[in-house]
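In this chain, numbering begins with 1 at the start of the sequence shown. Atoms within a ligand are numbered from 1 in the order they appear, just like the ligands themselves.
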Amino acid sequence: MSESAEIYSFALQLPVYHCFDYKLSPEIDARPGQRYLLPFAQGYKLGLLISKVTHSEVTPGSLKAVEQCLDEEPLLSAHLLKLAQWIADYYCQPIGEVIFLMIPRYCRQQHVLNATEVLWWRANPEIDINLEQLKHRAPRQFQIMTALMDATQGLNASQLKQIHSHWHQQVKALQKKGWVQSHWMENLPVNDQALEKGPELTSQQVQVSNAILPQMKKFGVQVIQGVTGSGKTEIYMQLMQYILEGDQQVIYLVPEIGLTPQLIDRIRRRLGSGIVSTHSGQTDFQRYQSWDQCKRGVARVLIGTRSALFSEAPNLGLIIVYEEHDMSFRQQDGVRYHARDVAIKRAQMLDIPVILGSATPSIDTLYNLGRPHYHLHELPQRPNQTQPPTIERVDCKHTPLNTGCSPRLLQAIERHLNNHGQVLLFLNRRGYAPVIMCYECGWQAECHQCDARLTLHQSVNKLICHHCGYQQVVPTACPECGKNEIQHLGVGTQQLEAFLKQRFTRFQTIRIDRDSVKSATEIEHRLAPVAAGEPCILVGTQMLAKGHDYPNITLVGILDADQALFSSFYRAPERLVQTVLQVSGRAGRANKPGEALLQTAFPSHPLIQGLCHASYRELAEGILKERQLLNFPPYSRVVTFLADAIDLDSAMQRLRKLVDPIQRCSVNAELSIVGPIPALMTRRVGRYRAQLSILAVNFQTIRHMLREIMPVIVADKNTVKSRVVIEVDPQEL
Ligand code: ADP
Ligand code: ZN
Ligand code: ZN
């Protein structure tokens, strides 16, 4: 390489906090955001060009030269590179991991990217085609040629494959004759039906939409709080329509499994073509295709889970966060970030609005309402004037339960089914039974890799760890004392389902949890009888509380909310309140009044009483007051250092080294230091875990501390023996 080679820094997909410098020949048209093949260690690695370097720390002799540029067009724009840098700085995450999180998995491999348009073939209109001759001499070609002549738009590969498995050879032969032509076409979902008109908005909806519309040209966080079924989505439709009319694009973020075909369909019917989606049920190429269409500006709306937020959209005009309180917006492994908060940052950088909608806005969002740029809009009523049901307590302290159900709940189920209603039972515990033990000696089945009990899954006759996936066959005799006294305790969704099927034989019982369904499409399929309105029982976990609209549900039963009352997690009350209101809000959505029963052994617990008598806002104010008393977030800010190691001592040791430098940053004791302590589940997947949390009222104090501590973290390299990761604004302490 010539003397005039320039130096550039590249982000590599590695858990390190810095970029890598390489030399690049000036003949290459280097642009930030392109992928390059870089010599690394003994082999090659993919790197994304970040910027030109004027002064490198690396001695010029040891700078390696870049091998190959893979992209003409950058994958990430200057705007997204800036956002990546912000995420890396704010959340203290390795820059390379952030960058590679932002590009689709398909682009993380060392290959040149294929176009996402698809090839179409059609009959050449300018040539007289002698079909008769083909019919006898080449019947396969004849078959394909007739199909192509019938299809005015032509046919693509998957359509041709349905006609003949060896279509490719036949088409090639026809192309040689000049009878068939090929051309590239955008593979976008097309809606050729007339656009559906939405319902006429109620005066409340009009009021909200009129308040937001004049603010659509600038940054603002528009919080829409409206009970389930109050017509929030109709307002999003209006706002999207406005954006699309101005030739701008929308990113619509939904929680995991909240992305239902039902929702995509509804948006397509209303807004027309160019609505694409991205979610974990798709192949890498499909996800890349949506991303690429959005990047080229041909997709108008991108609906997707968390990572959809990182799609390039040259004309982005609006970001919607649907069910903004949902926990799945926080990524808990790999790059630790909160998609809602990054959405707000991205909107601010682009000076566009972001909508946060929910029936139960997060406590953080409610707290933030006091900040500039935040605006609250409320929809207290449903369009048809029905109200979500009031929640009634069922005292289970002195009542024997039958497979988790009280007599009152069982009677109610019977009554609602006989009245042609549907029943939803919420139990956030999958499997058959959560505890397996020996009644003779007290032995319990535990995971040998985690500090956790194994759950009985009777259908496969296995004990499974829900934290690491470890499985074993159910022992017939106790491994400790050898007696045949093994019993199970507690009720999971599988047991509840089996019990209900036996008890209510005339009605269908449908179970929805992670064991029974893997994707939103599968949920939809399972829920067909529910959608058809037949009387039936739905049993499920958290999955049931999201996205779906079940108009015929009249009874909701919440089987066990008590664990949350005594949880050591400070966000447990918030989660409980949100879950109970979201689940009970599923009852009585059409013209049938609903009933919601909450089983508890602690009916006089203030939170349980509150759920039955107070509104979400009142409950949220109570939670905020409590947090303020304890100085917990959002009244303070937190950063947690998490260590995992081959033994607990190494994990604790690793964190102890941080305490002194942190203390030095706390001149006037502005920082409260909690730990290091073993994590609540100390052993997980064979690793020992400890944590050190730092709280401060002022976030700048935390930032200052992080700046001081980062060199210490970077110097103490992560190894298999022990490693440390940082979590800014963690969900728990
Ligand atoms: P949310 O998003 O708040 O849960 P949706 O927008 O999904 O509420 O509305 C719930 C139901 O009410 C949907 O079936 C929707 O079609 C209907 N709906 C919404 N707004 C109106 C309206 N103004 N008039 C009649 N029906 C409406
Ligand atoms: Zn025993
Ligand atoms: Zn385990």
Parallel, tilted or perpendicular, as decided by the 30° and 60° cut-offs, for the rings of His373 and Phe219 = tilted
Result for side-chain hydrogen bond (donor to acceptor under 3.5 Å, both in side chains) between Ser358 and one of Gln578, His325, Gln225 points to His325
Check whether more than 12 heavy atoms from other residues, nucleotides or ligands sit under 6.0 Å from atom CZ of Arg453, and answer yes or no.
-> no
Gly231 neighbourhood, listing ligand 1 atoms whose heavy-atom distance to it stays under 4.0 Å = 1 (P), 3 (O), 5 (P), 6 (O), 8 (O), 9 (O), 19 (C)
Where ligand 1 meets Glu200 - atom numbers and elements under 4.0 angstrom, heavy-atom basis | 22 (C), 23 (N), 24 (N)
Does a sphere of radius 6.0 Å around NE2 in His420 hold more than 12 heavy atoms from other residues, nucleotides or ligands, not counting ones at 6.0 Å or beyond?
-> no
Heavy-atom distance to atom 13 (C) of ligand 1: which of Glu323, Glu234, Arg266 wins?
-> Arg266
Any idea which atoms of ligand 1 are less than 4.0 Å away from a heavy-atom of Leu201?
-> 23 (N)
Please state the angle at the Zn ion (ligand 2) spanned by SG of Cys478 and SG of Cys438: what is it, rounded to 10 degrees?
-> 110°
Quick one: does Pro199 get an N or O within less than 3.5 Å of an N or O on ligand 1?
-> no
N, O or S atom of His467 closer to the Zn ion (ligand 3) than 2.8 Å = no
Which of these passes side-chain hydrogen bond (donor to acceptor under 3.5 Å, both in side chains) with Asp644: Arg723, Arg683, Arg684, Arg654?
-> Arg723
Should we say atom CE of Met237 is surrounded by more than 12 heavy atoms from elsewhere, each under 6.0 Å from it?
-> yes
Taking atom NE2 of His525 as the centre, report whether more than 12 heavy atoms of other residues, nucleotides or ligands fall under 6.0 Å from it.
-> no
Just wondering, are more than 12 heavy atoms of other shown residues or ligands nearer than 6.0 Å to CD in Glu196?
-> yes
Within-shell test, Gly229 vs ligand 1, heavy atom, strictly < 4.0 Å = yes
Specify whether an N/O/S atom of Cys465 falls short of 2.8 Å from the Zn ion (ligand 3).
-> yes
Option set Ala359, Gly357, Pro383, Gly585, criterion heavy-atom distance to atom 18 (N) of ligand 1, minimum = Pro383
Ligand 1 to Thr202, heavy atom cutoff 4.0 Å, flagged ligand atoms 23 (N)
Is the distance between the Zn ion (ligand 3) and the nearest N/O/S atom of Cys447 smaller than 2.8 Å?
-> yes
Short N or O distance, Thr228 and ligand 1, threshold 3.5 Å exclusive | no
